[in-house]
Amino acid sequence: MKEKFSLIVGANSFLGSYLARLLHNENQKIIGVYNSNINKIDASLFERILPYAAVTDRKEEISTIYFLNSYIPYGKMNEPSEKFYLQNVAPVEQISALYPDAKMVLASSVSVYGASSNAITEAAVPTPETLYGLSKLQAEEIIQQQKHFSIVRFSSIYGKGMTDKTMLPALIKNARQTGLITLYGDGSRTQNYIHACDAALFLMQAAKTTTNEIYLGTAAQSFSNLEVATIIQNNLKDVEIAFQGEDSAKSFSYDNTTTLHKLNYTFGYNLEKGLEELIDSTDE
C-alpha cells in the first residue's frame, strides 16, 4: 500500500506554518503547495514542496487536503481583481477534482456573512458584502460538492508571524514608535480574534470528523477596540490611548457553541496571552 499524505495548499501562508508544525508533530507526512514564493515555508516539516502548477500535473496518494490559499487585499476587500478567482477559487476547484476521495478541509472566512444585530452562529445564512467574502463562499460551494469535507469559517487570525498590514501589529508598532495608540470613534466597535494555533487545531479536528459540516472558527468572545488597546497598553511602558474621528465599521459577535461541541474543542489561547506573545515577538 502506498503511503498517504496530507496536502497543504497555501503552505507559505501564515496559518500554513502553524498547521504544518502541528501535523509534523503528529508524525503526519505532508506535501506543501505554494503559489509564488516559499519564503515562509520550513522545508524540514514537509516531504515535498511543490508549486501549484506541479500539483495539477501529477497524482499523489492524498488522504486529506487543507485549503489555506487566500488572496486577502487588506483595505480593498471590494475592489475588483482577478486574484479573487485565481487564488481563492481556482486552486480549490482544480485540486479537489484531482482527489475526489480525499477529505477536503477548507479554511473559509466569516466574511461570507453580512452584518447582523445578533450573534452569528453556524446556521446563519451567508450574505457576503464584499468580493472577498463572495470568493470564499464560491470556494465553499465547490467543497460542498465533494464526498468528504469540512469547512471552517474563521474570524481574524492572529499570532507570531502575521502580516503587519493588519490592525494588531499596526497598533503595537505605532505604540512603540510614538507612545500612542489611536482609535477611531470611541473604541467600542467589537471584533473577534482567534489565535493561529487554535485555528490550526480547529482544522485538524475538523479533518478527523466523519460527517460533512460547516464550523465557525471564532474565539470564545469578541473584544472592543478599546479593550484590545488596553491589553497592549498593559504590556508596554508609557503608552497612552487616544481617540479621533468616527468609526463607521460594524461590530460583529459570534456564538460557536455547536462547533466547540462537535469538535470537542477547548481553546489554548485567550486574547491576553496571545497579544502578550505577539508583542514579545515584535521587534522594537
Side-chain angles (χ1 to χ4, degrees), residues 8 10 13-23 40 66-70 72 74 77 105-113 116 119-122 124 126 132-133 136 139-140 150-172 189-209 213-225 227-229 231-232 235 249-282:
I8 298 180
S13 66
F14 162 56
L15 180 56
S17 64
Y18 280 83
L19 178 60
R21 184 159 297 281
L22 290 174
L23 292 174
K40 296 180 182 178
Y66 295 93
F67 289 101
L68 312 186
N69 50 292
S70 194
I72 309 175
Y74 297 102
M77 297 292 198
V105 184
L106 175 68
S108 188
S109 169
V110 294
S111 292
V112 302
Y113 299 116
S116 174
I120 294 172
T121 69
E122 298 86 351
Y132 169 72
K136 299 303 287 187
E140 288 189 11
S150 289
I151 295 169
V152 186
R153 294 169 175 164
F154 287 114
S155 57
S156 297
I157 301 174
Y158 76 101
K160 182 179 178 181
M162 70 185 300
T163 176
D164 59 6
K165 297 178 182 179
T166 53
M167 176 180 167
L168 297 181
L171 288 179
I172 294 168
R189 179 166 63 90
T190 59
Q191 300 184 74
N192 190 281
Y193 305 92
I194 183 170
H195 194 274
C197 187
D198 281 312
L201 287 168
F202 262 58
L203 293 171
M204 291 174 63
Q205 288 294 95
K208 297 173 183 177
T209 60
E213 302 277 358
I214 295 177
Y215 303 103
L216 191 52
T218 56
Q221 69 179 93
S222 296
F223 286 81
S224 72
N225 290 342
E227 289 173 319
V228 171
I231 295 172
I232 295 173
N235 281 276
K250 301 167 184 174
S251 292
F252 287 89
S253 62
Y254 305 91
D255 179 358
N256 65 344
T257 303
T258 299
T259 290
L260 297 178
H261 175 72
K262 288 184 176 180
L263 297 183
N264 191 27
Y265 193 78
T266 302
F267 289 100
Y269 279 80
N270 57 37
L271 189 62
E272 289 84 357
K273 176 183 175 182
L275 278 179
E276 181 179 357
E277 179 187 84
L278 182 60
I279 290 168
D280 288 343
S281 70
T282 304

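Computed from a predicted model, the values in this text were never measured in an experiment.
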Heavy-atom side-chain contact between Asn256 and Thr121 under 4.5 Å:
no

Would you indicate whether the side-chain heavy atoms of Tyr215 and Thr209 approach each other to under 4.5 Å?
yes

Closest non-hydrogen contact found for Met77 with Ile72 is CE-CG2, 3.3 Å

Do Tyr265 and Phe202 have ring centroids that are under 6.0 Å from one another?
yes

How close do Ser222 and Ser253 get, heavy atom to heavy atom, and via which atoms?
OG-CA, 3.8 Å

Determine whether Tyr74 and Thr166 satisfy the following criterion, side-chain contact (heavy atoms from CB on, under 4.5 Å), listing intermediate values before the conclusion.
CA-CA 7 Å; Tyr74 297 102; Thr166 53; 3.3 Å; yes

Could you go through Thr218 and Val110, starting from their C-alpha distance and side-chain angles, then the distance that decides it, and tell me whether this counts as side-chain contact (heavy atoms from CB on, under 4.5 Å)?
CA-CA 9 Å; Thr218 56; Val110 294; 4.0 Å; yes

Tell me, do Met167 and Asn225 make a side-chain contact under 4.5 Å, heavy atoms counted?
yes

What donor-acceptor contacts under 3.5 angstrom involve side-chain atoms of residues 271-278, with partners at least two apart or in another chain?
| from | atom 1 | to | atom 2 | distance (Å) |
| --- | --- | --- | --- | --- |
| Lys273 | NZ | Gly268 | O | 3.3 |
| Glu277 | OE1 | His195 | NE2 | 2.9 |
| Glu277 | OE2 | Tyr269 | OH | 2.9 |

Take Phe67 and Val105 through the side-chain contact (heavy atoms from CB on, under 4.5 Å) test and state the conclusion after the steps.
CA-CA 6 Å; Phe67 289 101; Val105 184; over 6 Å; no

Ile279 and side-chain contact (heavy atoms from CB on, under 4.5 Å): which single residue from Ile172, Ile231, Leu168 fits?
Ile172

Over all atoms of both residues, closest heavy-atom pair of Ser251 and Thr190:
OG-N, 3.0 Å

Begin from the C-alpha positions of Gln191 and Ser156 and carry the test side chain to side chain donor-acceptor pair (under 3.5 Å) through to its verdict.
CA-CA 8 Å; Gln191 300 184 74; Ser156 297; 4.8 Å; no

Between Ile151 and Glu213, is any pair of side-chain heavy atoms under 4.5 Å apart?
no

With a 4.5 Å cut-off on side-chain heavy atoms, are Phe267 and Ile194 touching?
yes

Identify the two heavy atoms, one from Pro169 and one from Asp164, that lie closest to each other, and give their separation to 0.1 Å.
CB-CA, 3.9 Å

Results of side chain to side chain donor-acceptor pair (under 3.5 Å) for Glu140 - residues two or more places apart only:
Ser108, Arg153

Evaluate the side-chain proximity of Leu216 to Phe154: yes if any heavy-atom separation is below 4.5 Å, no if none is.
no

dist Leu19:CG -> Ile8:CD1 (nearest 0.5 Å) comes out at 4.0 Å

Using only atom types and a distance under 3.5 Å, with no angle test, would you say the side chain of Ser109 pairs donor to acceptor with the backbone of Ser111?
yes

Is the shortest side-chain heavy-atom distance between Tyr193 and Gln221 below 4.5 Å?
no

State the CZ-OG distance between Phe252 and Ser155, to the nearest 0.5 angstrom.
11.5 Å

Is the shortest side-chain heavy-atom distance between Leu15 and Leu203 below 4.5 Å?
yes

Hey, what do you get for OG (Ser150) to NZ (Lys208), rounding to the nearest 0.5 Å?
12.0 Å

Find the distance between OH (Tyr18) and CE (Met162) and round it off to the nearest 0.5 Å.
9.5 Å

Gap between atom CG of Asn235 and atom CG of Asp280 - 0.5 Å precision:
7.0 Å

Residues two or more places apart in sequence or in another chain: which of them pass side-chain contact (heavy atoms from CB on, under 4.5 Å) with Ala249?
Arg189, Asp247

Could you measure the distance from the NE2 atom of His261 to the OG1 atom of Thr258? Nearest 0.5 Å is fine.
8.5 Å

For the student: nearest non-hydrogen atoms of Ala200 and Leu22, plus distance:
CB-CD1, 3.6 Å

Heavy-atom pair of closest approach, residues Ile157 and Ala196
CG2-CA, 3.6 Å

